[in-house]
Amino acid sequence: MRNFSYDTMEHKLKELEYEYDALEPVMDEETVRIHHDKHLQGYVNKLNEALKNNPELQEKTPEELISNLNEIPKSIRQAVINHGGGVSNHNLFFSILKKDTEISGKIKEAIESEFSSFENFKEKLSKEATTQFGSGWAWLVLTKDKKLKITKSNNQDSPLSNNEIPLIAIDVWEHSYYLKYQNKRPEYIENFFKIINWDKINKLYEQNL
Ligand code: MN
């Protein structure tokens, strides 16, 4: 049996793979810094807090935890949904952002085939993100039968809990855009499409087919 010290079991903040200002002007440096260093760190801390009396769960990744919610004790299940989801959703979100990539490859073919055109896909995903009431996320997911689907969720609920694999995550909590866009969520969403890292999305898609 492995003997973990509390320190090594703790979930840690995943560093950004780019500079805080790398997504300017779509996402300003201050927003990225606060979003990553404060909000995401907060979810990491609260996930660790929720799991502190369950060492066997601390060995699992946030993705494993929220994919198997029936294995989480009821007393901490909602905390794991909120904070495990918060960690997993943000790790995906920050990892799929990059300026100036172009859609190509299998994901391009699949989007055009499923949604008839890229413009139609963009319109549908934007609508889902715009109409999510209150805090939550809009998603492009891969379903169990490997079809692309656009969906949305409340709070930090993850598609992984429904057996769906998230490929694109649009954070529509106000903390993700309010400093720069204030109440103009549609403008944030329109600009968000300029920083989707299509090379990364294509890789995720191919890996999960
Ligand atoms: Mn967020």
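The residues of the chain are indexed from 1 along the displayed sequence. When a ligand or atom number is given, it counts from 1 through the structure's own listing order.
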**OP:** Provide the full list of salt bridge (Lys or Arg N to Asp or Glu O under 4.0 Å) pairs with a residue in residues 100-111, sequence neighbours left out, each pair given once.
**Re:**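 Listed by first then second residue: K108-E112.
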Subject >> Side chain proximity check, L13 to H36, heavy atoms < 4.5 angstrom >> reply: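 Yes, side chains in contact.
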Subject >> Check: K152 side chain, L125 main-chain N or O, donor-acceptor pair, under 3.5 Å >> reply: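 No, K152 side chain to L125 backbone: no donor-acceptor pair under 3.5 Å.
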Original post:
Judged by atom type as modelled, is there a donor-acceptor pair below 3.5 Å linking the side chain of Q132 to the main-chain atoms of S135?
Top reply: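 Side chain of Q132 to backbone of S135, a donor-acceptor pair under 3.5 Å: yes, one is there.
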**OP:** Quick one: sort the H35 and F94 rings into parallel, tilted or perpendicular, breaks at 30° and 60°.
**Re:**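 Taking F94 first and then H35, their aromatic rings stand perpendicular (interplane angle over 60°).
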**OP:** Describe, in one word, how the ring planes of W137 and H90 are oriented to each other, choosing from parallel (under 30°), tilted (30 to 60°) and perpendicular (over 60°).
**Re:**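 Perpendicular, since the angle between the ring planes exceeds 60°.
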**OP:** Sort by chain and number the protein N/O/S atoms that are closer than 2.8 Å to the Mn ion (ligand 1), and list them.
**Re:**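 Protein N, O or S atoms closer than 2.8 Å to the Mn ion (ligand 1): H35 NE2, H90 NE2, D171 OD2, H175 NE2.
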